[in-house]
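Order of listing sets the numbers, starting from 1, for every ligand and every atom in it.
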Amino acid sequence: MIVYKFGGTSLANAARMKSVADLVTRDDVQKVVVLSAASGTTDTLIRLSAASQADGELIIQGMEDQYQRYVSELLENEDCRQAAERFLEYTFASLREALGKSLPRDEKWFVAYGEIISTSLFSLLMVERGISSAYLAALDFMRIRDGEPDMDAIRKLVPESIASVGDKKIYITQGYICRNESGQIDNLRRGGSDYSATILGAALMADEIQIWTDIDGVHNNDPRIVKKTSRIDELSYAEAAELAYFGAKILHPLCVRPAREAGVPIKLLNTLNPEAEGTIIHRENLSEKAGVKAVAAKDGIIAINIRSSHMLMAHGFLRKIFEVFEHHKTSVDMITTAEVAVSLTIDDDTHLHKIVSELQDYGVITVDKGQTIICVVGAFRKEDAGIAVQVLNPLRNIPIRMISSGGSESNISVLIDSAYKQQALEALNKDLFGQG
Ligand code: ADP
Ligand code: ASP
Ligand code: MG
């Protein structure tokens, strides 16, 4: 069994969806195919969930026109096309009803339709092509508890869902969407279809998880920011996890974890160039290939400094500080200490106000918003000399707010003001990879 995941750009129009169908039917291997919403749809549904009645009507009309065109270009068989048209009619009627506020619905309910639409249309395409396939509703088996995948429940429910539709070559399901412990519709946060795929791959102990997107694998720098980047053949789970967590958009921040725990390899492949080699993520360490591999940047970081002249070195002080963050369910990414101060970073400002007011019991607090973590990833063995110099030297003209090294053997991070992000990524690109 192989889990295939296709992102929004791979489904952006009917021609792209047909290419996806070609890809998953070119061999006989049994597959679970996880689909995102077509690109743009999730953003549109988020806007819809907050729109007034009049604006919402316009948004729905726009989507309806777009998807009617999509269906007319996707399906040739009359029965399949009519089924798709009936499905769209029913879907947009539900959205209109929710807009009329006859039912109280939240954003998560609205956005779930993006993936439900793409998978429903893809299922009809499989029917039209006479492929042995079945539609699985992710809301029946994808469970989260306290915002984390509930792997025990998922491991039990996925095989039940598969058994209920019988033995097929292709199982089609939605990425991103799930239910929480109260049974409400929820999701795995933006870009979450990657996470759905790795969760499913782990739950099913798949042979491989293939994430198909619009680039030929993980690159050594962010192609949205710097001009020249190159593909990386191979990453360890640890390296990929750091890159994903610290901003490489090609992977959802947490999606490496389930695959790593289950020991299932992840391949990153390009729908627009299916023969390209891509990147493989596997193994705990690839220590024979020591050195810097890639850089990534994570924006929207908030730095908090706690200055306390007398308490910092007292035992129990850090525990008290971390309890404040724990209490507000806010995770800390970076931490540095000095004798009189601690600096740490968070990326979620939901409870910032309360956190700061509680921290004031322990010292003088300063907060800097608009920060970026630059993360340099590779195999940095404890016994190797000169790595910090190699990483910091390219950044010599940039004010550095925090440095974190030695936490793991695969990551050195620095915190800078976001205004310097492009300059930092370009300097690292030039000095570390010789890419101008
Ligand atoms: P999908 O819709 O398929 O999930 P995403 O847009 O989420 O695709 O992710 C693919 C994009 O990630 C690429 O088009 C690229 O611009 C961006 N990206 C950012 N960092 C990297 C990186 N290090 N390597 C490859 N792509 C990256
Ligand atoms: N459709 C969702 C999003 O746009 C999930 C995904 O694309 O992975 O974030
Ligand atoms: Mg994505």
For the backbone of G191 and the side chain of S193, can you confirm whether one donor and one acceptor N or O come within less than 3.5 Å of each other? no
Taking the side chain as every heavy atom from C-beta outward, state whether D152 and D150 have any atom pair closer than 4.5 Å. yes
Contact set, ligand 1, heavy-atom distance under 4.0 Å, ordered by chain/number, equals K5, G7, G8, T9, T213, D214, I215, G217, V218, H219, N221, D222, P223, R224, A248, K249, I250
So do S10 and R16 actually touch side chain to side chain, heavy atoms under 4.5 Å? no
Taking the side chain as every heavy atom from C-beta outward, state whether I172 and L136 have any pair of such atoms under 4.5 Å apart. no
Is there side-chain contact between V292 and V377, with heavy atoms separated by less than 4.5 Å? no
Note: ligand 2 atoms sitting under 4.0 Å from heavy atoms of R190 are 3 (C), 4 (O), 9 (O)
Any nitrogen or oxygen of T42, main chain or side chain, under 3.5 Å from a nitrogen or oxygen of ligand 2? yes
Any heavy atom of E115 under 4.0 Å from ligand 2? The part involved is side chain
Could you see which bit of S193 sits under 4.0 Å from ligand 2, with heavy atoms only: side chain, backbone, both or neither? both
Taking a cutoff of less than 4.0 Å between a non-hydrogen atom of the residue and any ligand atom, is G192 in contact with ligand 2? yes
Looking only at non-hydrogen atoms, find the nearest pair between R81 and L75 and report the distance. NH1-O, 3.0 Å
Could you check whether N221 and N429, counting side-chain N and O atoms only, form a donor-acceptor pair closer than 3.5 Å? yes
Angle between ring planes, F92 versus Y67, binned at 30° and 60°: parallel, tilted or perpendicular? tilted
Quick one: does G191 get an N or O within less than 3.5 Å of an N or O on ligand 2? yes
Flag this pair as yes if the NZ/CZ of K298 is under 6.0 angstrom from the six-membered ring centre of Y245 and inside a 45 degree cone about the axis; otherwise no. yes
Report the nearest protein non-hydrogen atom to atom 7 (O) of ligand 2: residue, atom name, distance rounded to 0.1 Å. S36 OG, 3.4 Å
